[in-house]
Undergrad: 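Take this structure, written in structure tokens, and hold onto it; I'll ask about it next.
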Amino acid sequence: MDYKKYIAEKISVEGVTADELYDLIALPPNLEMGDYALPCFKFAKILRKSPVMIAEALSKEIATDEVISEVSAVNGYLNFKINKSGFVRGTLDKILSEKDGFGASDEGNGRTVCIDYSSINIAKPFHIGHLSTTVLGGALYRIFNFLGYKAVGINHLGDYGTQFGKLISAYKRWGDKDTIEKGGIRALNELYVKFHQEAETHPEYDDEARAYFKKIEQGDEECQALFHWFKELTLKDVQKIYDMLDIRFDSYNGESFYSDKMQPVVDELTEKGLLVESRGAQVVDLEEYNMPPCIILKSDGSSLYATRDMAAAMYRKTTYDFYKCLYVVAYQQNLHFKQFFKVLEMMGKDWSKDLVHVAYGMVSLEEGTMSTRKGNVVFLEDVINKCIEKAYTIIDEKNPELEEKMDVAQKVGVGAVIFGALYNNKIKDIVFSYDKVLTFDGETSVYVQYTCARANSILQKGGAVTEYDIPELCAQEIELVKALATFPETVKAAAEKYEPSFIARFAVDVAQKFNKFYFDCKILAAEDEKVKNFRLALTNATLQSLKNAFGLLGIGIPDKM
Ligand code: ARG
């Protein structure tokens, strides 16, 4: 039962819709004040009365019933108390019957949401900078599917540009098949770094690289083969990481896929009179929108990142007929997205409004920043492995007898990396710290995992109860159930705001409330059988909710810790 909805429907305020009321109704910070509250401040203008008077008047209009047990007006707030046992039963029954589907819905109605995420660059390190796009995108992918959308995961590979000419040049000069085959991305990156070092004193290498890139484009057999080999090696290498993070894609159509799909874009722009020449280049002027021009073709006729993105957007619209197309890309690229979205709008593509740049902040390690060209980069794989190792050490220290320690360490370590990137509002810059993400009693995934192991062990002993009666309830129990009840709306909001952090925060909140309940109330040792049974059902529902939340984030939960 959606209590907010039930309450919203009971209230009528002239000129305010039930949906608006629904959005305004909030959970007060403490139980004394009520279970739900409607702030009346916004109505003062429409009704020409003070919020206090409005709340007073409304409180007299609304009758209590079997759901709402009390209505009161306090300082401009309309407070509601609801019948606790009905609420608790409704919530637990829902969780325990819907199980893995608790929080899911069919609001998406099968509509397609394209999600462009991870979108790595071929032959370049998969570094810590790709962490956020990968795990944010992966979480959004699962969240949208959970809400009845059809998510299409797209890895828009960076596989186009002179850097591939550079690689071919470097490979031919210094490379060796075996080393590259064994070394994968790292070996390719070394070649790339060496090329840049050497080209400083040999500028002719750069010309050679450009020529090789041209050859790839023209379909030269040898260059194409090398290019595809680099690509294969890169994808094989990153697959290990995708597997660890539980990341999947439906398409790997990257930039080079659009090589032959850009001409129609250029033609359409020309036809619509949007292209102008500027210092030899073909650009779309965006001065009117306070942006620098969007460059479509360079003076030598070659295309740009934006040109390929426009072709990609059009291709996605035709292929998937998306309801929304998301780009999970760092905020450094804000301007790029604003520019090409605008150009598509100017072309009359009404669907350009459905393109969304889901921008996120930077992740850095305490050790400092990096540059691909100089070679001092932090590989994501190393970060994950280090986290797993550290997790192993901690677990081994805390519980040396634990079975399958390595498997637990894997879940804890990987979970910590994912959670570290997802816990904060996505636009915030993050400084990744191993110690912080692996703290057992902080706002961390391992804290939540440990809570789950605790719940699991209780259920092992007492039974995973689903049939229960409602006893006299205490505040800890009610607080916990109230937190659990917010899961469906949390998932919905996470999708609306493209903010998986809402779900991460839900998990920490529930874990904290469960632990408070666990320490304050006896579960297995409860004297009254009815109380014990109810508490087991509540524990069961808590574990289920945390599993669903972590499932959406892509984090595993060990049975024991
Ligand atoms: N490969 C790009 C980078 O690493 C990100 C691509 C994002 N997706 C896109 N459609 N532009 O910066």
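Counting starts at 1 for both ligands and their atoms, following the listed order.
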Undergrad: N121 heavy atoms, cut-off 4.0 Å: which ligand 1 atoms fall inside?
TA: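 Taking each heavy atom of N121 in turn, ligand 1 has 1 (N), 2 (C), 3 (C), 4 (O) under 4.0 Å.
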Undergrad: Just checking, is any N or O donor in the side chain of Y327 or Q333 under 3.5 Å from an acceptor N or O on the other one?
TA: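 Q333 and Y327 do not have a side-chain donor-acceptor pair below 3.5 Å.
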Undergrad: Nearest non-hydrogen contact with atom 6 (C) of ligand 1 belongs to which option: Y160, Y305, Y327?
TA: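 Looking at heavy atoms only, the winner is Y305.
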Undergrad: Between ligand 1 and D116, is the shortest N or O to N or O distance under 3.5 Å?
TA: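 Looking only at distances, the answer is yes, because the N/O contact criterion of under 3.5 Å is met.
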Undergrad: Which residue in the set F213, Y305, Y258, F257 passes ring pair (Phe, Tyr, Trp, His ring centres under 6.0 Å) when paired with Y160?
TA: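 Among F213, Y305, Y258, F257, the one that satisfies the ring pair (Phe, Tyr, Trp, His ring centres under 6.0 Å) with Y160 is F213.
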Undergrad: Going by side chain to side chain contact (heavy atoms under 4.5 Å, CB included), V356 matches just one of L326, I115, V113. Which one?
TA: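 Answer to the side chain to side chain contact (heavy atoms under 4.5 Å, CB included) test with V356 among L326, I115, V113: L326.
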Undergrad: Would Q333 count as a contact residue for ligand 1, given that I'm defining contact as a non-hydrogen atom of the residue lying under 4.0 Å from a ligand atom?
TA: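 Judged by the 4.0 Å heavy-atom criterion, Q333 does count as contacting ligand 1.
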Undergrad: Has R505 got its NZ or CZ under 6.0 Å from the middle of the six-membered ring of Y423, at an angle within 45 degrees of the ring axis?
TA: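 Yes, R505 and Y423 form such a contact.
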Undergrad: Check this for me, if you would: do K349 and E268 make a salt bridge, where the nitrogen-to-carboxylate-oxygen distance has to be below 4.0 angstrom?
TA: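 So K349 pairs with E268 through a salt bridge.
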Undergrad: So, is H130 polar-close to ligand 1, with some N/O to N/O distance under 3.5 Å?
TA: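 Min N/O separation from ligand 1 is not below 3.5 Å for H130.
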